[in-house]
Structures are given as structure tokens and as C-alpha cells.
Amino acid sequence: MVTNINNILNTKKKECVAMILAGGQGSRLYVLTSKIAKPAVPFGGKYRIIDYTVSNCVNSGFDTVGVLTQYQPLLLNEYIGNGQPWDLDRLEGGVTILPPYQKNFGYDWYTGTANAVYQNLHYVERFDPDYVIVLGGDHIYKMDYSLMLEYHKEKNADCTIAVIDVPIEEASRFGIMNINDDGSIYEFEEKPKIPKSNKASMGLYIFNWDKLRKFLIEDNEDAESSKDFGKNIIPKMLAAGERMFAYSFRGYWRDVGTIESLWQANMDLLDEDFKNDLPDWKIYSRTTGKPPHYIGATGSMKNSIISEGCEIYGFVEHSIIFPGVKINEGCYVKDSIIMANSVIGANTSVEYSIIDENAEIGSNSKIGEKRTEATGITVVAKDIKIGGGVTVNPGDMIDGDIVG
């Protein structure tokens, strides 16, 4: 006698299950992801990058979320935990961490984005969904996924792909959707030399579950496939004549996969003209519970985000300061990101830099300098100690202690 696993687990059917791909190494963030996965990188003074995607799910009414982790998963797994900060600590659905695991007496790592979802077919099947939304865990944006799902239903689509307009001169950097007047996709071009449109894929898909399941199984049996949504699943569905539509997103969206883009996305938060289509859309995160920040008699700040638990005795301008940071007297911090619990010594300047968590910069040092077209962003890795009187050149990436 075969018993349905849903009956054993008393699992309730869900209309839509969200699968967040959060196992990326983020190699272009260099030292910032040497110990953590890209979605776990701190952002915006109190968040981590993945907070945006998870919060979007909750705010959109999607309460069943699988987070697929792989590279350096410890911190990310601990951070997501039982999902309580996002109201996802639920008996039915909620958030589930989905790392690769041993099967058939061997270790099966996720070999591509499609393979990651394929290896978790059993998780999705527990909820018997009508739809699955596949998301990246490494983008900064606010989006109501329920509106995209409504569009998907209205079009009677098998797959809907979120797209964003990019300048035509930059379109060759993206996967480009060529579409008809009704929004249907007739062609997908991966980084075309001469793009036919400026509709760039956001790597965000809604599928009818029965169709996605079929194509994932077939793709897994294809020895030539790289097991990727953009390279394999989407082209195969197009070739098979499935109903595929583009959903145009008009709000702010940024892939923070490079040092420059991560820095710029943080600086965007300080722009007076920065706008978002959903200004009241909350982003949830785990909070530190630290006391309010303190700006001493010698301290001041201008156009900056200062988080809880900070002590500011120097001057901070146009910067993002995370919880528990101490900036000592005589310091000058400008156009920079100082992550949690770092200490900047007295009379030290930090410009156009990213200082990772728990770093210590000695007194009378100089980290980076005013930005020019020729200079890059200076980065100091997590837990690094830099002694007094040290100069770190613009664009340097410091991943070892420096004695002053």
C-alpha cells in the first residue's frame, strides 16, 4: 500500500511555492564573499542582501519559501533560521533551508540553477502547487510578485519572465527577450552582439508547476545540458512552443554582483532623488537589539545612515554605517560603507571604501581616497586588523592583517 507523503505530513496545498536560489559564490565580490555566500553580504546599514527577496515573498502573500543554499552556507543558514523575522515560522509552509545532500551513496552538489530546483522536486511536490516562482537571492529591489502571478494567469502562460528595460547600448551584457506586441516571447538571446530589444531578463520566473517539472526531469537526462534556467530550460521551452510571456518591471532593480554595483546600490539609498514604486513596502531583517546610536560632542554626520549601537566621535558624510561601529575622534569617513562592529581609529580617513565586519583600522591611517575615473573602491575584508599610520591605496583589497 502506497501512502501519500502529504497525508503523512498533513501538508496543505499551496497555490504558489517560491524557490530562492541562494547558493552563489559571488566571486566578483572577492574578499567580501571569501567566508559567506553572496546573499548573506550585509547591505543598507541593517540588512543582508537576501532580506529583499524574502521580504518580497512575504509582502506578496507567498508564505511557502525554499531557500537553496550551497556555497559557504553556515552564516546564511543561521541568519534565515526558522524565518521568524519574516513571519515565516509556520507549521504549514514557512521557510525551509534546502542544501544539497547525499543521495544514492554519493554527494550530489547543485550543478546549475535548474539542477538545484530539480534536486528539490520532492519539496515542491509536498505542497502540490499550481505555480512555482524561481527567484535569485542576490538582487536589490522591491516587487509585488502577486501582480506578476496575476499577469501570468491572465496570459494563460506556461512561463512568465520578469524583464527590465536597460539602455540599448548596454543590452549586450544581458539575456534579452524579444517579444511581440502582446508580451509573448518569440526569441531569447544570451548577451547578443546586436540586441533586437532592451528587455533584459531579471532571472525571475513564474512557471506552471506541471510544465516546469516535466522540463526539469527532461533536462536532467540531457548529458549535454549545463542544467541552467537561462541557458537550457528557457530555450527548450521556447523551442517546444510553450506559452511564454515577458512581465515588465518598472521599479528599481540592481544586481549587486560586483564591488562597484554593491557600493553604488548602497549609495543610492542616500540619493534624495532615489525613488521606489513601493515606498511603504517593508524590508524585514534580523535586528541586533543594540541601543540607539550616539554622536559625541566631537562627532557629526551629513547625509548618512547611522545604525543602532554606533558611536560617532568623528565626521561622517555620505556613508552607510552598520550597527556597533565605532568611529573615533578626528576621523573623516566619506562615500564609504562601514560594516558591523568595525572600529576606525583616531585621526584616520576612510574614503570611497568598503570596510567589512569586525575590522579594526588603527589611528592616523589613510584608507582609499576621493574617487576619480582612474581609482577603484578600496575593500578591507572581515576581521582584518590594520595598524596605525598605514596607507591603503585606492582600489586595493586587503585580506590579511597589516602591522603599522
Side-chain angles (χ1 to χ4, degrees), residues 18 20-22 24 26 28-29 32 38-62 86 133-151 160-171 173-177 179 183 195 197-206 230 246-285 303-305 307 318-322 335-337 354 371 377:
I20 300 177
L21 302 169
R28 292 179 299 164
L29 289 177
L32 296 179
K38 181 165 65 167
V41 170
F43 178 83
K46 63 175 292 185
Y47 307 107
R48 295 188 184 271
I49 293 172
I50 198 170
D51 285 330
Y52 279 75
T53 306
V54 178
S55 296
N56 285 341
C57 288
V58 174
N59 291 328
S60 300
F62 296 172
W86 305 272
I133 183 168
V134 177
L135 307 159
D138 53 3
H139 301 141
I140 301 299
Y141 67 115
K142 297 180 181 180
M143 180 176 178
D144 189 342
Y145 302 141
S146 68
L147 299 180
M148 182 174 170
L149 181 57
E150 288 180 11
Y151 176 87
T160 299
I161 301 173
V163 298
I164 191 165
D165 292 346
V166 298
I168 193 66
E169 61 271 16
E170 298 180 15
R173 297 172 42 221
F174 299 89
I176 295 298
M177 301 294 158
I179 64 176
S197 81
N198 66 338
K199 300 289 185 182
S201 171
M202 295 169 60
L204 193 169
Y205 317 102
I206 291 180
Y247 177 79
S248 293
F249 178 64
R250 305 295 182 186
Y252 178 92
W253 177 86
R254 187 178 286 273
D255 181 345
V256 287
T258 65
I259 295 293
E260 174 68 30
S261 62
L262 177 66
W263 179 88
Q264 186 60 61
N266 275 274
M267 295 300 106
D268 285 344
L269 300 176
L270 303 173
D271 187 346
E272 291 183 359
D273 295 327
F274 177 78
K275 289 181 172 59
N276 197 296
D277 286 349
L278 296 169
D280 296 326
W281 195 259
K282 290 185 178 179
I283 300 300
Y284 301 94
S285 68
N303 190 25
S304 297
I305 293 175
S307 301
H318 200 256
S319 295
I320 307 286
I321 312 298
F322 281 74
D335 297 324
S336 294
I337 303 163
I354 299 175
R371 183 179 187 182
I377 302 166

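Values in this document were obtained by computation on a predicted structure and should not be read as measured data.
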Take Ile259 and Leu29, measure what side-chain contact (heavy atoms from CB on, under 4.5 Å) needs, and give me the verdict at the end.
-> CA-CA 5 Å; Ile259 295 293; Leu29 289 177; 4.2 Å; yes

Ignoring hydrogens and geometry, is there a side-chain-to-backbone donor-acceptor pair from [X] to [Y] under 3.5 Å?
{"X": "Trp86", "Y": "Tyr284", "result": "yes"}
{"X": "Ser319", "Y": "Ser336", "result": "yes"}
{"X": "Thr160", "Y": "Ala246", "result": "no"}
{"X": "Ser307", "Y": "Gly45", "result": "yes"}
{"X": "Thr53", "Y": "Gly136", "result": "yes"}
{"X": "Asp271", "Y": "Met267", "result": "no"}
{"X": "Asn198", "Y": "Val166", "result": "yes"}
{"X": "Ser197", "Y": "Met177", "result": "yes"}

Rounded distance [0.5 Å steps], CH2 in Trp253 versus CD1 in Ile164 |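 Rounded to the nearest 0.5 Å, the CH2-CD1 separation comes out at 6.5 Å.
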
Looking at side-chain heavy atoms only, is the closest gap between Val163 and Phe174 below 4.5 Å?
-> no

So, for [X] and [Y], which heavy atoms are closest and what is the spacing to 0.1 Å?
{"X": "Leu135", "Y": "Cys57", "answer": "CD1-SG, 3.5 Å"}
{"X": "Ser261", "Y": "Gly257", "answer": "OG-N, 3.3 Å"}
{"X": "Phe322", "Y": "Lys46", "answer": "CE2-N, 3.9 Å"}

Give the C-alpha distance, both sets of side-chain angles, the deciding distance and a yes or no for side-chain contact (heavy atoms from CB on, under 4.5 Å) between Ile206 and Tyr247.
-> CA-CA 10 Å; Ile206 291 180; Tyr247 177 79; over 6 Å; no

Please walk me through it: do Trp263 and Asp335 pass side chain to side chain donor-acceptor pair (under 3.5 Å)?
-> CA-CA 9 Å; Trp263 179 88; Asp335 297 324; over 6 Å; no

Check the pair Ile133 / Leu149 against side-chain contact (heavy atoms from CB on, under 4.5 Å), numbers first and verdict last.
-> CA-CA 9 Å; Ile133 183 168; Leu149 181 57; over 6 Å; no

Dump the intermediate steps for side-chain contact (heavy atoms from CB on, under 4.5 Å) on Asn56 and Lys142, then the final yes or no.
-> CA-CA 6 Å; Asn56 285 341; Lys142 297 180 181 180; 4.2 Å; yes

